[in-house]
Amino acid sequence: MEHYEVTIVGAGLSGITAARRLHKQGRTNFILVDKGKSVGGRLATRRVADGKVDHGAQFFTVRTDELGEEVQNWLKEGWIKHWFGDPYPRYTAIDGMNSLAKHLAEGIRASLHTKITQIVKYPDGYRVYDDKMNVWKSDKILLTMPVPQVMELLKASDVEVVDLEMNKLRSILFEPAYVGIYHFRSPTGLPEDGHLDKNLPKDVERVVDHQKKGISKDTLVSVYMNGDWSRRYYGEDYVRTLIREKVDRYFDWKDLESEQLKRWRYAQAKKVLKESYLDLAGDGTLVVAGDAFLRENDEAGRTRFESAFLSGKDAAAYLSW
Ligand SMILES: Cc1cc2nc3c(=O)[nH]c(=O)nc-3n(C[C@H](O)[C@H](O)[C@H](O)COP(=O)(O)OP(=O)(O)OC[C@H]3O[C@@H](n4cnc5c(N)ncnc54)[C@H](O)[C@@H]3O)c2cc1C
């Protein structure tokens with residue numbers, strides 16, 4: 001049976017950041033797994049016609065020196081650019097947000113298409129089971145999926161957890177998000193930088209033109225609905241029509257070539273925790289991290305790219321003891 005020192009479940013930004021930190025420390029006996037076909041999680045980019053659309057995070061902001069230092073490197077590498085925003089820059093990835101995740105995960109052993117279905121605690125460590133009947137031994141486990149998915153996995157598992165930490169985990173609430181994706185045959189009248197988040201119709205959070213953003217030849221637009229609206233209409237079959245009605249006046253719909261809908265079941269945390277990770281087992285062997293886990297002094301107070309980055313980093317430092 002394979003035996004790893006650490007299994008990191010989830011190759012979103014938190015998991016990748018944790019893996020990078022372990023890698024930097026010279027540790028090699030760990031594995032990063034994700035059920036998806038690519039690393040990145042909610043740093044998600046989709047190919048549509050002759051272009052790409054970001055349909056998860058669009059950009060990120062920087063409030064800490066730790067992320068600030070990394071950002072300087074990523075700028076030098078040519079992976080990201082300053083998209084808009086002065087004096088508070090919004091950074092975005094040159095080739096779509098998922099490409100940044102791919103760059104960050106370079107050189108790290110990742111097992112994709114691997115859904116973890118159960119974890120069982122034995123006296124000599126954990127056994128980790130995936131959906132293809134593989135099982136391996138792991139001394140420590142870091143879970144970085146959205147908290148409802150962590151709860152789901154724990155329910156199917158046989159592990160010892162501390163009640164207090166479980167109650168903290170239960171207090172975190174995630175919201176869904178709908179994103180309408182549109183391919184138009186003609187350019188839009190959206191601002192030059194391709195980003196609009198002011199004076200929009202009620203419940204529309206953001207509208208982005210990816211041609212103007214610089215990641216698409218074709219005119220590709222994404223429309224983000226807010227969490228309240230997405231929860232209210234979650235699973236309804238007329239969501240597409242409602243989103244189009246909301247943004248009707250912004251586009252020339254007779255030029256619409258195609259449309260798609262992305263539904264995020266767990267998009268962002270509505271209720272976060274002011275701890276950058278949780279030690280579920282109380283002995284440092286089963287740790288939970290992710291964007292909903294904020295440092296106590298977090299200025300923004302909400303789930304985002306930077307909170308995922310810092311949580312992954314802090315959790316990896318804790319696991320290394
Ligand atoms: C629509 C949308 C818009 C957003 N906009 C912004 C923005 O503009 N700016 C910003 O800063 N942030 C934004 N965010 C938030 C940002 O994307 C997240 O905070 C960040 O990417 C979360 O990273 P993470 O690693 O914590 O989680 P995730 O990226 O969700 O990674 C978790 C990973 O776990 C995997 N996984 C789940 N269950 C299992 C399992 N059982 N086995 C194996 N793998 C599993 C998933 O496939 C996923 O890849 C947005 C998010 C969404 C959805």
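We count ligands from 1, going down the list as the structure has it; atoms in each ligand are counted the same way.
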Exercise. List the steps and the verdict of side chain to side chain contact (heavy atoms under 4.5 Å, CB included) for L43 and F305.
Key: CA-CA 9 Å; L43 302 183; F305 182 102; 3.8 Å; yes
Any side-chain donor near an acceptor of the partner, [X] and [Y], under 3.5 Å:
{"X": "S216", "Y": "D218", "result": "no"}
{"X": "W136", "Y": "T7", "result": "yes"}
{"X": "H3", "Y": "D139", "result": "yes"}

Quiz item: Does ligand 1 have an atom under 4.0 Å from some heavy atom of L153?
Solution: no
Exercise. Could you establish whether T114 and ligand 1 come within less than 4.0 Å of each other, counting only heavy atoms on the residue side?
Key: yes
For [X], which part has a heavy atom under 4.0 Å from ligand 1: side chain, backbone, both, or neither?
{"X": "A292", "value": "neither"}
{"X": "V9", "value": "side chain"}
{"X": "E306", "value": "neither"}
{"X": "Y224", "value": "side chain"}

Quiz item: Any side-chain heavy-atom pair from E296 and E275 closer than 4.5 angstrom?
Solution: no
Practice problem: Determine, for W264 and K262, whether the Lys NZ or Arg CZ falls below 6.0 Å from the six-membered ring centre while staying within 45 degrees of the axis. | Solution: yes
Practice problem: Decide whether a cation-pi geometry holds between R127 and Y122; the criteria are a distance under 6.0 Å from NZ or CZ to the six-membered ring centre and an angle within 45° of the ring axis. | Solution: yes
Practice problem: Quick one: sort the Y178 and Y234 rings into parallel, tilted or perpendicular, breaks at 30° and 60°. | Solution: tilted
Practice problem: Quick one: look up the protein heavy atom nearest atom 40 (C) of ligand 1 and list residue, atom name and how far away it is. | Solution: I116 N, 3.8 Å
Evaluating non-hydrogen atoms only, which member of [options] is closest to [atom]?
{"atom": "atom 22 (C) of ligand 1", "options": "R42, E175, E152", "result": "R42"}
{"atom": "atom 36 (N) of ligand 1", "options": "E205, M145, K262", "result": "M145"}
{"atom": "atom 9 (N) of ligand 1", "options": "F305, F59, Y178", "result": "F59"}
{"atom": "atom 47 (O) of ligand 1", "options": "D34, D54, V62, T7", "result": "D34"}

